Amino acid sequence: MVRTRFAPSPTGYLHIGGARTALFNWLFARNRGGKFILRIEDTDVERSTQESVKAILDGMKWLNLDWDEGPFFQSQRMDRYSYFAEKLLNEGKAYYCYCTPEELQERRERALKEGKKPTYDRRCRDLKEPIVDRKPVIRFKAPLDGETIVDDIVKGRVIFKNEELDDLIIIRSDGFPTYNFAVVIDDVDMNITHVIRGDDHLNNTPRQIQIYKALDFPIPIFAHVPMILGSDKTRLSKRHGATSVMAYKEMGYISDALVNYLVRLGWSYGDQEIFSREEMIKKFSLENIGKSPAVFNPEKLLWLNAHYIKEMEPSKLAELAREFFIEKGYSLPEETKFEKILCSLRQRGRTLVEIADMADFYFTSEFNYDEQGIKKIFNEQTKKSLKEIREKLSKVNELLEPDFEIIVRKTAEELKLKVSEVAQSLRLAITGKTVSPGLFEIIEVIGINETIRRIDRAINYMDKV
RNA sequence: GGUCCCAUCGUCUAGAGGCCAAGGACAUUGCCCUCUCACGGCAAAAACGCGGGUUCGAAUCCCGCUGGGACUACCA
């Protein structure tokens, strides 16, 4: 049974890179009918916060990455870490080290200055007597020679010389485990079969493998996926704009679009760009993950988002868009009307925010007219055509899309104007803008009376100027 | 500095020695559609980092160089 996990540290929100790692783990587990486990790596008490935990969970939920077990917290598993540290100690595979952080720091700097490697010199490795008055750390007795091999699904076989690796600290002086130790114990306890994570961890992997071996644990399969970079090709960070997954929700992105974008960052399936969840799960494989890092491209995400907005069920769109309209202070009409409004706007807006921003004329008749529009469009000729249309409308009881189109075209013909000229006049009168959804769609939503009112308002406006 | 990873259009990528005078997608440009703006349709421009090998044949294999990235903590 395949078991994967996502193991973020709660030191901030769920970011784009973490989300993709979570997605790959989730997809692989789902593809293989396995389990996906969520674990919170909160051994760094200083930096871990409860808010971050919540932010990460919220992000996962928004992206619809459901987990089967957890969230487990490392902070609640201290006895496990102590137990295995003790075991290593007893078996002579670990030892107490009394060097202080300051001493270590100083030696590192000196070594660097002398052109030597800044690794720990193992001076406490064979210490016979404890040094009193000092709280020791526990270090792992790493092998001195030979090599440690990482057989990685995406990177292939990576060989590390053991002499390059020093005796890492596994338990800090405050009793908390360090990352490289805790992950091993956790992954074993949770029966993780496939460790899928960012390749910034590749260098940690041989150290972890040494611990697996010392404890006689089975070694999982590793897959180190390349990082996501910003436009300047450095690791994606706040500098590059929004990196929090939830920020994309607030900007009006659809979570399926973001997931679709993320899955294609570092993974591909031939030429296919659009994947439903089902397809993604069915087609995902670790073998198709690329080796090289990917640059995050907001333009393509925007394109995908627009695609999802256009393809979505109107009722679903309404459900997701609602909060953005409420945010604007609009009181929402009944469901079918709201859906009609959204469908008229969805071809033009790439995010829910953009859509809500274009929608004002559906919710108020007291809008201002576009400055450029006033100059270009509000003139005698416009007044004439508006009056003519108003006249024709007053003879109609109900206004349907095709009827209105006929009226506009006929008016243009009679006044010897281009249809576009008449349409633009009406557009400015009805929406206050020079750019809007199709006129005929709009009037069907706002109705004949409101249309007439707005035409009158425009004519009045022109009369006053 | 050391260790490790990576290298196809601006970007995401296809490409598993001959199917590649390199395909798709985003972005860009042009044309068409059209009541505006979009959507959509069509088209164009755009890449195998460099140098050596191996081979009848290399984007694909090997080596070097260059360039990028990660790690090098009592962070994860």
Side-chain angles (χ1 to χ4, degrees), chain A residues 7-11 41-44 46-48 74 97 99-101 104-105 108 111-113 115-119 135-139 150 152 154-156 158-161 164-166 168-180 182-183 198-206 224 226-227 229 231 233-235 261 264-274 288 290-304 306 310 345-350 358 373 377 405 408-409 412 418-428 431 433-440:
Chain A
S9 62
T11 54
E41 309 218 323
D42 58 350
T43 51
D44 185 354
E46 300 286 304
R47 300 195 304 150
S48 299
Q74 288 188 325
C97 168
C99 304
T100 64
L104 260 16
Q105 175 74 17
R108 245 195 312 273
L112 228 35
K113 215 181 288 172
K116 291 181 196 152
K117 285 179 196 177
T119 50
K135 268 205 142 163
V137 299
I138 299 176
R139 281 187 188 269
V150 181
D152 192 275
V154 346
K155 301 290 184 182
V158 185
I159 299 169
F160 294 84
K161 287 193 172 62
E164 300 290 344
L165 277 16
D166 58 2
L168 75 154
I169 293 172
I170 55 175
I171 301 286
R172 305 191 296 213
S173 53
D174 62 5
F176 279 88
T178 56
Y179 166 74
N180 280 306
V183 250
D199 70 3
D200 47 338
H201 286 296
L202 187 57
N203 283 309
N204 286 323
T205 309
H224 285 94
M227 313 248 76
L229 310 178
S231 48
K233 306 238 180 184
T234 65
R235 196 180 175 144
Y261 177 71
R264 284 283 291 100
L265 229 43
W267 176 81
S268 61
Y269 190 84
D271 283 343
Q272 190 170 346
E273 297 286 352
I274 312 280
N288 286 326
K291 289 160 166 280
S292 47
V295 173
F296 184 81
N297 181 210
E299 291 291 331
K300 189 164 182 181
L301 170 57
L302 209 44
W303 169 74
L304 269 164
K310 272 177 286 195
L345 296 166
R346 83 208 291 201
Q347 297 295 336
R348 280 151 259 263
R350 294 174 300 177
M358 295 185 300
I377 296 169
E405 179 157 5
V408 171
R409 289 187 186 283
K418 281 193 268 183
V419 175
S420 61
E421 290 175 302
V422 177
Q424 279 303 81
S425 304
L426 267 173
R427 188 182 316 283
L428 190 60
T431 69
K433 301 177 202 301
T434 55
V435 170
S436 82
L439 263 184
F440 312 128

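No experiment lies behind these values; they were computed from the predicted model shown. Below, each value reflects all heavy atoms present in this structure, side chains not excepted, and no hydrogens, waters or symmetry copies. Letters A, B, ... are given to chains in the order of the sequence lines, protein chains preceding strands, and every chain is numbered from 1.
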Of all the choices, B/rA76, B/rA14, B/rA25, which nucleotide is nearest to the side chain of A/His201 once you look at every atom? B/rA76
May I ask you to evaluate whether A/Arg409 reaches the phosphate of B/rC35, defined as a side-chain N or O under 4.0 Å from OP1 or OP2? yes
Mate of B/rC35 where both pairing distances stay under 3.5 Å, Watson-Crick or G-U: none
Among B/rA76, B/rC6, B/rU36, find the nucleotide with the atom closest to the side chain of A/Arg172. B/rA76
Ranking B/rA76, B/rC12, B/rU36 by distance to the side chain of A/Arg348, first place goes to B/rU36
Residue-phosphate contact under 4.0 Å: A/Arg108 side-chain N/O, B/rA73 OP1/OP2: yes
Of the listed nucleotides B/rA27, B/rG2, B/rA70, the one nearest the side chain of A/Asp200: B/rA70
With respect to the side chain of A/Pro101, which nucleotide from B/rC74, B/rC6, B/rC4 is positioned closest? B/rC74
With a 4.0 Å cut-off on heavy atoms, is A/Thr178 in touch with a base, just the backbone sugar-phosphate, or nothing at all? sugar-phosphate
Between P of B/rC35 and CD of A/Glu405, the distance in whole Å: 7 Å
Whether the side chain of A/Arg427 engages the backbone of A/Pro437 through a donor-acceptor N/O pair (distance < 3.5 Å, no angle test) should be reported. yes
Is there a donor-acceptor pair closer than 3.5 Å between any side-chain N or O of A/Lys155 and the backbone N or O of A/Lys291? yes
With a cut-off of less than 4.0 Å, is there a side-chain N or O of A/Ser268 near OP1 or OP2 of B/rA14? yes
Name the nucleic acid region contacted by A/Pro226, choosing base, sugar-phosphate or nothing; use a 4.0 angstrom heavy-atom cut-off, strictly under. nothing
Looking only at side-chain atoms of A/Ser292, point me to the closest of B/rU8, B/rC35, B/rU3. B/rU8
Reckon A/Ser436 touches a base, only the sugar-phosphate, or nothing at all at heavy-atom distances under 4.0 Å? base
Which whole-number value in Å describes the distance from A/Leu202 CG to B/rA76 C1'? 16 Å
Salt bridge or not between A/Asp200 and A/Arg235? Use side-chain N to carboxylate O under 4.0 Å. yes
With a non-hydrogen cut-off below 4.0 angstrom, is A/Leu439 in contact with a base, only sugar-phosphate, or nothing? base
Watson-Crick or G-U wobble partner for B/rA16, using a 3.5 Å limit on both distances? none
At 4.0 Å (heavy atoms only), tell me whether A/His224 reaches a base, stays on the sugar-phosphate, or touches nothing. nothing
Can you check the A/Glu46 CD to B/rC74 C1' distance for me, whole Å? 11 Å
CG of A/Asn180 versus C1' of B/rC75: gap in Å, rounded? 11 Å
Looking at A/Gly270, is its backbone amide N or carbonyl O close enough to the side chain of A/Ser268 to form a donor-acceptor pair, meaning the two atoms are under 3.5 Å apart? no
Quote, to the nearest angstrom, the P distance that separates B/rU60 from B/rG53. 15 Å
Check the distance between B/rG41's P and A/Lys310's NZ and give it to me in whole angstrom. 9 Å
Under 3.5 Å for both donor-acceptor distances, Watson-Crick or wobble: does B/rU60 have a partner, and if so which one? none
At 4.0 Å (heavy atoms only), tell me whether A/Gly115 reaches a base, stays on the sugar-phosphate, or touches nothing. nothing
Closest-nucleotide mapping onto RNA chain B: is A/Val154 or A/Thr119 further toward the 5' terminus? I mean the 5' end. A/Val154
Under 4.0 Å, counting only non-hydrogen atoms across every strand here, what does A/Thr11 touch: a base, just sugar-phosphate, or nothing? nothing
Without decimals, in angstroms, what is the distance between A/Asp199 CG and B/rC5 P? 11 Å
Distances under 3.5 Å only, N/O to N/O: pair up the protein atoms with those of nucleotides 17-23 of chain B.
residue: B/rG23; atom: N2; partner: A/Asp271; partner atom: OD1; Å: 2.9

Along RNA chain B (nearest heavy atom to each residue), the more 5'-positioned of A/Val158 and A/Val419: A/Val158
B/rC75, B/rC71, B/rG69: which one has an atom nearest the side-chain heavy atoms of A/Asp44? B/rC75
Between B/rA46 and B/rG23 - C1' atom distance, rounded Å: 14 Å
Would one find a side-chain N or O of A/Lys233 under 4.0 angstrom from OP1 or OP2 of B/rG67? no
Any donor-acceptor pair, under 3.5 Å, between the side chain of A/Ser173 and the base of B/rC74, if you only look at N and O atoms? yes
Base, sugar-phosphate or nothing for A/Gly290? Non-hydrogen atoms, less than 4.0 Å. nothing
What is the pairing partner of B/rG49, taking Watson-Crick or G-U wobble pairs with both distances under 3.5 Å in any strand? B/rC65
Quick one: look up who B/rA44 pairs with, Watson-Crick or G-U, both distances under 3.5 Å, and put none if it's unpaired. B/rU28
Mind calculating the distance between CZ (A/Arg350) and C1' (B/rC39) to the nearest angstrom? 12 Å
A/Arg47 vs B/rC74: side-chain N/O to OP1/OP2 distance below 4.0 Å: no
When you measure from the side chain of A/Pro293, which nucleotide among B/rC6, B/rC74, B/rA76 comes out closest? B/rC6
Expressed in whole Å, how much space separates the P atoms belonging to B/rA59 and B/rA73? 43 Å
Phosphate OP1/OP2 of B/rC6: any A/Lys291 side-chain N/O under 4.0 Å: yes
Nearest whole angstrom, please: distance from the C1' of B/rG10 to the CG of A/Leu229. 15 Å
Nearest-nucleotide pick for A/Pro118, side chain only, options being B/rC4, B/rA38, B/rG1: B/rG1
Distance criterion of 3.5 Å, no angle test: do you see the side chain of A/Asn204 paired donor-to-acceptor with the base of B/rA76? yes
Mind checking A/Phe160 for me? I need base, sugar-phosphate or nothing, with any heavy atom below 4.0 Å counting as a touch. sugar-phosphate
For B/rA70, give the paired nucleotide (Watson-Crick: N1-N3 plus N6-O4 or O6-N4; G-U: N1-O2 and O6-N3; both under 3.5 Å), or none. B/rU3
Can you check whether A/Val137 reaches A/Ile171 side chain to side chain, under 4.5 Å on heavy atoms? no
Does the B/rG24 base have a donor-acceptor partner in the side chain of A/Glu273 within less than 3.5 Å? yes
So if I take every side-chain heavy atom of A/Arg427 and compare against B/rU36, B/rA76, B/rA25, which nucleotide ends up nearest? B/rU36
